[in-house]
Amino acid sequence: MKPGTKRTLVTAALPYANGPIHLGHLAGAYLPADIYCRQQRLTGRDLVFVCGSDEHGVPILLRARKEGVDPQVIVDRYHKMIQEAFASFGMSFDFYGRTTDPLHRETSQDFFRVLAKKKTFTLKTDSQLYDPKAGIFLADRFIRGTCPNCSYEEAYGDQCEKCGRSLSPDDLLNPYSALSDAAPVVKETTHWYLPLGHFQERLTQWIDGHGDWKPNVLGQIQSWLTDGLGDRAVTRDLPWGVPVPQDVAEEAGVDAEGKVLYVWFDAPIGYISATRRWAEAQGDPELWKQFWCSEESQLIHFIGKDNIVFHCLIFPTMLMAHGDFILPDNVPANEFLNLEGEKLSTSRGWAVWLHEYLEEMPADYLRYALAATFPETRDTDFSWKDYQARVNNELADTLGNLVNRTLTFADRYFEGKVPPLSHPSSKDLGLLDRLREIPSRVGELLETYKMREALAEIMGLAREGNRFFNEQKPWATRKEDLRACGNTIHISLQLVASLSILLDPFLPASCASLRAMLNLRGLRNSALREDKEALLFWEDAGRPLLEAGHSLGQAGILFQKVEDAYVEAQRKKLKAAPIQGGSGVQVDPNQVPEFRELIEFEDFQKLDLRVGEVLEAEKVKKSKKLIRCLVDLGREKRQILAGVAESLGPEDLIGKKVIVVANLKARKMLGLESQGMILMAERPDGSLGPLGAEGPAGAVVR
RNA sequence: GGCGGGGUAGCUCAGUUGGUGAGAGCGCAGGAUUCAUAACCCUGAGGUCGACGGUUCAAGUCCGUCCCCCGCUACCA
């Protein structure tokens, strides 16, 4: 932390309001941020934690069109879902906002206006393809047409899926809009650009002062700086987003109609607008400035690695250009979380959705399992088996059992009161000494974003507690030396009390229960900015907290074990998800593409469809999409290339029976010949899944 | 293709600026114990630190080449 810091503003990446929250999101940004904030609040530091839904952008607009509803309907749906899931998960945001908030619009426009006034932007006019029917400009991938290379009629404007050739929209024959089927027209349009290059020197200087940032973050930044920074468009022609301010447009002599701020420009400003909303709620609308505009404040962004460039270069450039704001002091980006050994894929349904998890299991179990394996230095893996092991072995057995054996012993043999510490042994004092150094040690780890190590340190303390209990044998001394027995229980209780503070950032709900069992009151609330009742703070975890004679509360089981059946069910659900295409959202009839024009029966008869069994499948090297399959068609075995690697792995195909177009002309791709085509089902998001088939290889499908 | 990060015990992961016999948790094997959620505690087996080459008295730790995974970015065929 830089010297003289009085306040901290923490942000967690704004989730995109186009789908629910999954485990990858939590492990990447949200949970680390929450743990950090809770611990900092416990130390008494002044901290505000904001986040919110990112609700603009093209994907939301397209989804709305497909469903035939206003985009606001979409974002309302997911904003609510996300916000509720976060709350149940124990996220301690001081404010959770959204970018469709009018105040956000105002904040973004003001920001844009300041940069325009300072002549930060450059204006450029370009020709772009425009869909006259849908009334919007089209990004390359929303233009489709016939591939000039292979004559595939549904090639995208940036690439032909059939032959893999890269294209530009101009290359397509008979181009049409993917949104409305209308033929696109070329139209000139003017946009504002942020010239990042002008800030290169200042950015470099600023980054050089932050050599302590994580290596993955610095590496990414360095590579961008070395390449040199270019201009980035900050506006778009879209009917959904924060409108370009009328006055700025007029000043520039540009028609503002239909122009909005590019989503990446307005999204990070969401951090600012959320802080403003929070300040309003505090009854002091100007309070946000203390956090954003004072050198006595530090700003920390928790994000995933995919967001590094935006938070470390682009947003800082915006802040620099504006001039009123402080720059981030750290951007502790995490790597990614894999799931059961494979990378997460929302389109394939390879994800665990937070809202679904919370219907069945406690938030703290997941918080623990994730925190124990945060992808801090590299991608890590989450598996349900590991989750079960973490909960059962560590939470229940190590920690829960320590609590349980200590409390039941006190309850049974010391009338539920804390026995006095009298003539403590060196072992007794040794543990108290050990305890003394823990809060600052763990605090330091957390402040340097080493959450996993911090958690391991605390759990190590719980293990020491168990060892101490074993070695002191209070069940034996109870009969021979009641004083020594009392000392053992006294110390063990103090340890448990300290754990209820140390673990609070990680397991807020369980620690609250634990403190109730101990009848320990007065700990500062780790979820609130202010707690006037607070008597105990983080550092107090280093000293004995329970006085002799203190009456304990009702003991109970802190953590239930996770059954095998649950683990199996979860894994099964995961396996089943790709087939159902399930992002947990019901298929909407409006999302299903319209049927094509009628054909004659003879046309259909030309197709020779067969059942084929995939014998081998492997990724084609140097291709992102192609999988080479060897398919048994009864009469012969064929090599068929399928452009599905972005949706499926080879293992999803091997051994599967599929439907094959057997009389399709062979075509070469990347030097390999494809002798046919495997039929796939396309999901609304464009991902693919194989069509299952039964029957012997070679059987005619009709 | 370019750039960045990573490839360490059966599994999931730690390993500061190169230097005493390469670690933790889980799992496994054996032992001890009974206060406790069949929990806890002790001991042990297990690794040519992605591959190859180099620098050095000394490399998991530095340099080079290659392979694989993740991310960002680009686009020739």
Side-chain angles (χ1 to χ4, degrees), chain A residues 24 28 149 158-159 163-168 212 214-228 230 304-310 312-313 333-338 340-344 369 372-383 385-414 445 448 450 452-453 455-457 459-460 462-479 485 488-489 492 555-562 619 621-624 668-671:
Chain A
N149 186 44
D158 52 353
Q159 187 168 43
C163 66
R165 175 184 283 252
S166 299
L167 302 168
S168 86
D212 57 326
K214 293 173 69 166
N216 57 338
V217 175
L218 287 176
Q220 181 85 237
I221 296 170
Q222 213 44 256
S223 96
W224 273 66
L225 288 176
T226 308
D227 289 353
K305 67 174 161 182
D306 54 333
N307 256 328
I308 290 173
V309 171
F310 280 108
C312 299
L313 292 175
N334 268 358
E335 299 284 305
F336 280 0
L337 186 76
N338 290 326
E340 302 282 356
E342 289 179 46
K343 76 173 167 176
L344 280 154
T373 179
F374 273 155
E376 287 169 2
T377 56
R378 60 168 160 174
D379 293 356
T380 60
D381 191 56
F382 176 92
S383 72
K385 211 177 157 220
D386 181 66
Y387 165 90
Q388 181 190 35
R390 295 278 183 198
V391 173
N392 291 359
N393 300 332
E394 299 179 29
L395 275 187
D397 291 350
T398 302
L399 177 63
N401 186 47
L402 172 66
V403 169
N404 191 246
R405 71 199 300 200
T406 304
L407 284 172
T408 52
F409 206 103
D411 190 46
R412 194 173 306 166
Y413 301 114
F414 294 96
L445 288 170
T448 48
K450 292 170 185 159
R452 276 205 319 214
E453 201 179 333
L455 183 55
E457 184 78 22
M459 288 308 287
R463 288 199 173 84
E464 283 180 52
N466 276 319
R467 196 175 308 136
F468 174 79
F469 203 105
N470 272 30
E471 287 169 359
Q472 299 310 108
K473 300 188 189 359
W475 57 90
T477 55
R478 182 175 68 81
K479 296 164 188 162
C485 176
T488 302
I489 300 305
S492 298
I557 296 293
L558 206 48
F559 305 103
Q560 302 285 349
K561 295 211 182 186
V562 175
K619 270 193 160 179
K621 298 211 169 184
K622 308 206 173 177
S623 161
K624 281 187 180 171
K668 274 201 170 178
M669 296 181 236
L670 290 163

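Naming convention: chains lettered A, B, ... in sequence-line order (proteins, then strands); numbering from 1 in each chain. Keep in mind that this is a model prediction, so the values were computed, not measured. Computed from heavy atoms alone, side chains included, the values below leave out hydrogens, waters and symmetry copies.
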Note to self: Between the side chains of Lys305(A) and Glu335(A), is the shortest nitrogen-to-carboxylate-oxygen separation below 4.0 Å, so that they form an ion pair?
What the structure shows: yes
Next item on the list: Using the C1' atom on both, measure rC42(B) against rU33(B) and round to a whole Å.
Entry: 10 Å
Check: Can you check whether Asn393(A)'s main-chain N or O pairs, donor with acceptor, with Thr398(A)'s side chain at less than 3.5 Å?
Finding: yes
Margin query: As a test of reading the structure: which of rU37(B), rU73(B), rC35(B) is closest to the side chain of Trp224(A), going by heavy atoms?
Written below: rU73(B)
Notebook entry, point to check: Is it true that a side-chain atom of Glu376(A) and a backbone atom of Arg452(A) form a donor plus acceptor pair closer than 3.5 Å?
Noted result: yes
Checklist line | Under 4.0 Å protein heavy-atom contact, by nucleotide of nucleotides 38-46 of chain B - B base, S sugar-phosphate only | finding: -SBBS----
Check: Would you call Lys343(A) and Asp379(A) a salt bridge, using N to O less than 4.0 angstrom?
Finding: no
Next item on the list: Please give the nucleotide sitting opposite rG4(B) as a Watson-Crick or G-U wobble pair, both distances under 3.5 Å, or none.
Entry: rC70(B)
Item checked: Length of the CG-C1' vector between Asp212(A) and rU17(B), whole Å -> 16 Å
Margin query: Using 30° and 60° as the class boundaries, would you call the ring planes of Phe469(A) and Trp475(A) parallel, tilted or perpendicular?
Written below: parallel
Notebook entry, point to check: Given atom CG of Asn334(A) and atom P of rC70(B), what is their separation to the nearest angstrom?
Noted result: 18 Å
Margin query: For the CG atom of Asp381(A) and the CG atom of Leu337(A), what is their distance to the nearest 0.5 Å?
Written below: 7.0 Å
Checklist line | Base partner of rC75(B), which must satisfy Watson-Crick or wobble distances under 3.5 Å | finding: none
Item checked: Rounded C1' spacing from rG50(B) to rA9(B) in Å -> 15 Å
Check: Between Arg412(A) and Phe336(A), which is nearer to the 5' end of RNA chain B once each is assigned its nearest nucleotide?
Finding: Arg412(A)
Next item on the list: Take atom P in rC13(B) and the same atom in rG18(B), then report the distance between them in whole Å.
Entry: 27 Å
Item checked: d(CD1, Ile308(A); P, rC72(B)) in whole Å -> 10 Å
Check: Looking only at atom P, what distance separates rG23(B) and rU48(B), rounded to whole Å?
Finding: 15 Å
Next item on the list: Working to the nearest 0.5 Å, report the span between SG of Cys312(A) and CH2 of Trp224(A).
Entry: 11.5 Å
Next item on the list: Searching all strands shown, indicate the nucleotide that pairs with rA9(B) (Watson-Crick or G-U wobble; both distances under 3.5 Å).
Entry: none
Note to self: What residues from residues 373-383 of chain A pass a heavy-atom cutoff of under 4.0 Å to RNA chain B?
What the structure shows: Thr373(A), Thr377(A), Arg378(A), Asp379(A), Thr380(A), Asp381(A)
Next item on the list: Rounded to whole angstrom, note down the C1' distance from rG10(B) over to rC57(B).
Entry: 37 Å
Checklist line | Nearest-angstrom distance from the residue atom NZ of Lys214(A) to C1' of rG5(B) | finding: 11 Å
Note to self: Should Phe409(A) be counted as stacked on rC35(B), where stacking needs a ring-centre gap under 5.5 Å and an angle between planes under 30 degrees?
What the structure shows: no
Note to self: Please give the distance between the C1' atoms of rC75(B) and rC3(B) as a whole number of Å.
What the structure shows: 15 Å
Next item on the list: Please measure how far the C1' atom in rG6(B) lies from the corresponding atom in rG15(B), and state the result in whole Å.
Entry: 14 Å
Next item on the list: Could you state the atom-to-atom distance from CD1 of Ile221(A) to P of rC3(B) in whole Å?
Entry: 18 Å
Check: Is any side-chain heavy atom of Lys473(A) closer than 4.5 Å to a side-chain heavy atom of Thr488(A)?
Finding: no
Note to self: Suppose you measure atom C1' in rC35(B) against the same atom in rA14(B); what distance do you get, rounded to whole Å?
What the structure shows: 34 Å
Checklist line | Among rC70(B), rU33(B), rU37(B), the one nearest Lys343(A) by side-chain distance | finding: rC70(B)
Next item on the list: Check the distance between rC35(B)'s C1' and Phe468(A)'s CZ and give it to me in whole angstrom.
Entry: 14 Å
Item checked: Nearest-angstrom distance from the residue atom NZ of Lys385(A) to C1' of rC26(B) -> 9 Å
Next item on the list: Go through the steps to decide whether Asp306(A) and Phe336(A) satisfy the test side chain to side chain contact (heavy atoms under 4.5 Å, CB included), and finish with yes or no.
Entry: CA-CA 9 Å; Asp306(A) 54 333; Phe336(A) 280 0; 3.8 Å; yes
Next item on the list: Determine whether Leu313(A) and Ile221(A) make a side-chain contact, defined as any pair of heavy atoms from C-beta on separated by less than 4.5 Å.
Entry: yes
Next item on the list: Indicate the atoms forming the closest heavy-atom contact of Lys214(A) with Ala333(A), along with that distance.
Entry: NZ-O, 2.9 Å
Item checked: rA22(B): pairing nucleotide in any strand, Watson-Crick or G-U under 3.5 angstrom -> none
Note to self: Using whole Å, what does the distance between atom P of nucleotide rA14(B) and atom CD of Glu453(A) come to?
What the structure shows: 10 Å
Checklist line | Syn or anti for rG46(B) (syn when the glycosidic angle lies within 90° of 0) | finding: syn
Checklist line | 5'-most by nearest nucleotide on RNA chain B - Lys450(A) or Glu394(A) | finding: Lys450(A)
Next item on the list: Under a 3.5 Å limit for both distances, which nucleotide forms a Watson-Crick or G-U wobble pair with rG47(B), could you say?
Entry: none
